[in-house]
Amino acid sequence: MGGGIFAGDADDTVYILHGSCVAGVVDGQEGADNLYFGASGTIDSSSIGAKYLNFENLGLYVDGDTWLTGDWILNLESTVTSGGSLTLNSSLSGPSLNNQGTATFNGPVSFSSQVTNSGALSATDTFSANSLENTGSATATFDGNTTIDDGVNNSGTLSSSSTFSAGSLNNSGTVGFYGVTNINGGVMNTGTLNAANHLTASNLGNKGRAYFSGKAVIGGKVSNQGYLEVNGSLGAKNLTNSGPAVINGRALIAGSTQNSGTLNVNGLLSTVTLANTGLINGTGVIHSDIINAGVISPGNSIGTLNVASSVTFEPGSTFIAERGGNGSCDLLSVSGMVTINGGTLSTTSLPRALYTDGFSWELITAGDGVSGAFDYIECQPNSAVLSLGQKAEGSTLNLVVNRRSYGEFGTGGAAQTGRGLDSLMPLALGQMENFLLSLDFGLKANQIGQVISALNPEMYTAFSAASLNSGELFDKAMAWRMQDLPKRRPNTETHASGGWNMWARALGLWVDQDQTNGFRGYGQSTGGGALGADYALNHWLAAGLAAGVTRSHLSWGNVNYAGEIYALHTGFYAKAAYQGGYARLTASYARLDNSASRQINFQGTHLSAKPGFEADLFAASLTLGYELRFEKWLFEPKAGLKFQSLQEQGFTENGAGFLGLNIADRDTNSLGSNLGFGLSRPFKTESWEILPTLEFSWLHRLEHDRPSLQAAFKGYGSAPFTVYGADLPQDLWLTEAGIQMSVQPDLDLYLHYNLAWADDYQAQALTAGLTISF
């Protein structure tokens, strides 16, 4: 426009829409006139005084892309950038700002009223306003010193890289403070707040996400219901947390802290008292007395949480400790006292490993000691063998593995075998380790009982008892011969000097040992024969030699075991008589060849151990008696001692794989006394003579070794264990009935039956034979 614009004399308003498009002057003339620049292009404030005359108020209404030069002082409405941009490279002051487009201020800017931004606002120099409303998807970036006298309401994105001051902050969007920030009032955050430098505020209410990587000083209370993360430092009067709060740096709380959310302390938390009804975890340090009615779980995975004061666990509280199979565990380390008034100890599932009884994890250490105990331990292993317990020892509380002995799942020798398995805990490898793990973590109590019963080598102890019995049978054959040396006729000489006698006997023995106190019984059937010859040196002394062979078969009820003993016996016997009294002596040796078959069957496992071993048996007996004759009756009181020593070789089981056993050499000794009497009376016809006999006696074992064995699983000789068998009866009652018949002067026939019995024990012997005299 080539000319000028002249307003009327009233209160006029003039809009300049295209910058310096007027060549002449613009004159408002009389009245209170308003001048608005709504132009695009470049407008220089220095041209206003020369070209724009008599205007009392100046304002901006920007609709296009506008660049302002010079210093601008506005006293009219907000500067609005609608659909365009406003760029200022000098200073600007005015009452308010309403930015809906792009506003870039590269010089000092000051607004006495509110700044409303729904577009993009950038200030690189100082910026001040009474209040700031940053809305919606708007962005506000302040790179210079910023002062907002009243409050800041942000629902968009706001960032400051320099000093930022405000009366208050209400954020539901995203705020980033990277310079020194001072909020005179409170901060309410429901969006994302990131303070990377220095922040001060009177209080903080957080329902969104708040990050402090610098120094935050809150004069009053911090209340977190959202997510709070302190990577720098946080100072406050009080802290109330009901959301997740992570302290990786330092939190210095002058008063108390109440936590009903999750408080993760990986740095330092210092507070007067900490009342917890939520969760406390982390690997940092807490300077406070903690009253825990919630959950404390040290570490983030496995780690240590340190408390530089005291901790009290209230009823209903929980302590969670994560454990590793290598013995690692969460730890609560307290410098003061830990008081446990109940609650729950919760831990992770027991890792699958072999644990010795008493293996433990240190859960709590306390400089002033630990008192009390938790009411309950969660996550007990699903095991019949293993359970978890707690053990307070002075300054520590440990989580302890309580291990039931495998022996508790069996009786007798099976129990002893189970205790032998116990000794493999720190040693087992490979197949044995996997086997024991299956017992600990895979089988029920009754199944474990079946396993240790199948592994029980107690059957071998029956070979000891059966060997003593077979030796006793042969020795009794010699004793029976000495009873028949005198022709028990009244008023005859005991021996005829210079006489030879040859004899032979068939031998049979049946033994039944019942199960006693959980130890297996056994059955024995023995057959064999003995031959002997003796010579009457004179009327008072006779001596002889004997040899024999026996074969014994052993059985164990319904158990699929088998055993055989082949024995070759030799012996010496002698009898001396004088004026009705006599002494009888026997001495014998037997070589025994043993074989066995032990089936090991359980849970799909079927093995057969078939060992063989040899043994030596030495025995000697001495009997003293006296013959009292009453007409045709002969009454003989007698007493005796008998000693047996059995030496069995060790052996290795074959066919049982890693469950096979090595059995050590073993000795079994027995010393017994015998007290009783015999009664006999001969009957004679014209062609033959018959002599029935009847004896009663009591056998008492003065000393005896209980049949036992020492075994070790193959490859684990350093962990031997002892298994006992059913004990030999200490007292036995014996009854013997016999008959001797002389059919010719030099030929006698014999038949004897012997019964020995005690509680849970019975043995029957039957022998028949003949004697030829020369």
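The distance between the ring centers of Phe677 and Phe696 falls below 6.0 angstrom. Note: Phe613 and Phe463 meet the aromatic proximity criterion, with ring centroids under 6.0 Å apart. The distance between the ring centers of Tyr535 and Trp500 falls below 6.0 angstrom.
What you find for Asn669 and Leu646 is that their closest heavy atoms are OD1-N, 4.2 Å. When every heavy atom of Ala428 is checked against every heavy atom of Leu436, the shortest pair comes out as CB-CD1, 3.7 Å. Of all the heavy atoms in Leu709 and Ile663, the pair that sits closest is CD1-CD1, 4.0 Å. In terms of heavy atoms, Ile452 sits closest to Gly410 at CD1-N, 3.5 Å. Counting all heavy atoms, side chain and backbone alike, Ser467 lies closest to Ile565 at OG-CD1, 3.7 Å. Shown here for Met478 and Thr586, the closest heavy-atom pair between the two residues is CE-CB, 4.1 Å.
Looking at Tyr761 and Asp514, their side chains never bring a donor and an acceptor atom within 3.5 Å of each other. Between the side chains of Arg520 and Ser453, at least one donor N or O sits under 3.5 Å from an acceptor N or O. Under 3.5 Å, the side chains of Tyr573 and Asp534 contain a donor-acceptor pair of N or O atoms. With 3.5 Å as the limit, one finds no donor-acceptor pair spanning the side chains of Gln644 and Ser670. Side-chain contact, Tyr626 with Glu636: no donor N or O sits under 3.5 Å from an acceptor N or O. No side-chain donor from either of Gln730 and His704 sits under 3.5 Å from a side-chain acceptor of the other. At a cut-off of 3.5 Å, with distance as the only test, a side-chain donor of Asp731 or Trp698 sits close to an acceptor on the other residue. Of the N and O atoms on the side chains of Thr516 and Asp760, not one donor lies less than 3.5 Å from an acceptor on the other residue. Judged by distance alone, the side chains of Asp665 and Gln647 never bring a donor and an acceptor atom under 3.5 Å apart.
For the pair Arg403 and Asp440, the salt-bridge criterion is met [side-chain N within less than 4.0 Å of a carboxylate O]. Under a 4.0 Å N-O distance rule, the pair Glu653/Lys714 does not qualify as a salt bridge. Under a 4.0 Å N-O distance rule, the pair Arg629/Glu627 qualifies as a salt bridge. Salt-bridge formation is not detected for the pair Arg681/Glu631: no Lys NZ or Arg NE/NH1/NH2 atom is positioned less than 4.0 Å from an Asp or Glu carboxylate oxygen. A salt bridge links Arg666 and Glu648; the closest N-O separation between the charged side-chain nitrogens and carboxylate oxygens is under 4.0 Å. Electrostatic pairing of Glu433 and Arg352 does not count as a salt bridge here, judged by no charged N lying under 4.0 Å from a carboxylate O.
Using a 4.5 Å cut-off on side-chain heavy atoms (C-beta onward), Phe721 and Leu661 make contact. Annotation: side chain of Trp733 is not in contact with side chain of Leu699 (no heavy-atom distance under 4.5 Å). When side chains are defined from C-beta on, Glu458 counts as touching Phe519, because their heavy atoms get closer than 4.5 Å. Using a 4.5 Å cut-off on side-chain heavy atoms (C-beta onward), Tyr460 and Pro611 make contact. Side-chain contact check for Leu592 versus Leu617: some heavy-atom pair is nearer than 4.5 Å. Contact of the Thr767 side chain with the Trp480 side chain is registered, since non-hydrogen atoms from C-beta on lie closer than 4.5 Å. Leu468 is listed as a side-chain neighbour of Thr668, based on a closest heavy-atom distance under 4.5 Å. Residues Gln762 and Pro729 fail the side-chain proximity criterion, which asks for heavy atoms closer than 4.5 Å.
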Begin with the C-alpha distance, continue with both residues' side-chain angles, and end with the deciding distance and a verdict on side chain to side chain contact (heavy atoms under 4.5 Å, CB included) for Thr526 and Leu473.
CA-CA 9 Å; Thr526 300; Leu473 179 64; 4.1 Å; yes
Leu628 vs Trp633, test: side chain to side chain contact (heavy atoms under 4.5 Å, CB included). Steps then yes/no.
CA-CA 8 Å; Leu628 297 174; Trp633 291 93; over 6 Å; no
Would Phe474 and Ser588 count as a side chain to side chain contact (heavy atoms under 4.5 Å, CB included) here? Give the steps.
CA-CA 9 Å; Phe474 175 77; Ser588 65; 4.3 Å; yes
Can Gln513 and Gln524 be said to form a side-chain hydrogen bond (donor to acceptor under 3.5 Å, both in side chains), step by step?
CA-CA 9 Å; Gln513 169 77 67; Gln524 175 184 359; over 6 Å; no
Side chain to side chain contact (heavy atoms under 4.5 Å, CB included) between Ser597 and Ser608, worked out
CA-CA 7 Å; Ser597 174; Ser608 179; 3.9 Å; yes
Please walk me through it: do Gln599 and Asn601 pass side-chain hydrogen bond (donor to acceptor under 3.5 Å, both in side chains)?
CA-CA 6 Å; Gln599 303 302 311; Asn601 299 320; 4.9 Å; no
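Atom CD of Gln450 and atom CD1 of Ile448 lie 10.5 Å apart (nearest 0.5 Å). Interatomic distance, Lys638 NZ to Ser697 OG, rounded to the nearest 0.5 Å: 8.0 Å. We find the CG-CG distance between Asn434 and Leu429 to be 10.0 Å, quoted to the nearest 0.5 Å. Atoms CG and CZ, on Leu427 and Phe713 in that order, are 12.5 Å from each other to the nearest 0.5 Å. With rounding to the nearest 0.5 Å, the separation of CG in Leu766 from CG in Asn754 is 10.0 Å. To the nearest 0.5 Å, atom OG1 of residue Thr735 and atom CD of residue Gln764 are 11.0 Å apart.
Annotation: cation-pi pair Lys575/Tyr582 present, NZ/CZ under 6.0 Å from the ring centroid and within 45° of its normal. The cationic atom of Arg404 (NZ for Lys, CZ for Arg) lies less than 6.0 Å from the six-membered ring centre of Phe409 and within 45° of the ring axis. Figure legend: Arg505 and Tyr750 shown as a cation-pi pair, the cationic atom lying under 6.0 angstrom from the six-membered ring centre and within 45 degrees of its axis.
Heavy atoms of other residues, nucleotides or ligands lying less than 6.0 angstrom from CG of Asn402 number more than 12. Other residues, nucleotides and ligands contribute only 12 or fewer heavy atoms inside 6.0 Å of the CG atom of Asp759. Within 6.0 Å of OH in Tyr724 there are 12 or fewer heavy atoms belonging to other residues, nucleotides or ligands. Heavy atoms of other residues, nucleotides or ligands lying less than 6.0 angstrom from CE of Met741 number 12 at most. Counting heavy-atom neighbours within 6.0 Å of Tyr578 OH, excluding the residue itself, gives a total of 12 or less.
Ring planes of Tyr561 and Trp556: perpendicular class, angle over 60° (limits at 30 and 60°).
A distance-only check finds no donor-acceptor pair linking the side chain of Arg419 to the backbone of Tyr406 [under 3.5 Å]. Distance alone, capped at 3.5 Å, places no donor-acceptor pair between the Ser555 side chain and the Gly557 backbone.
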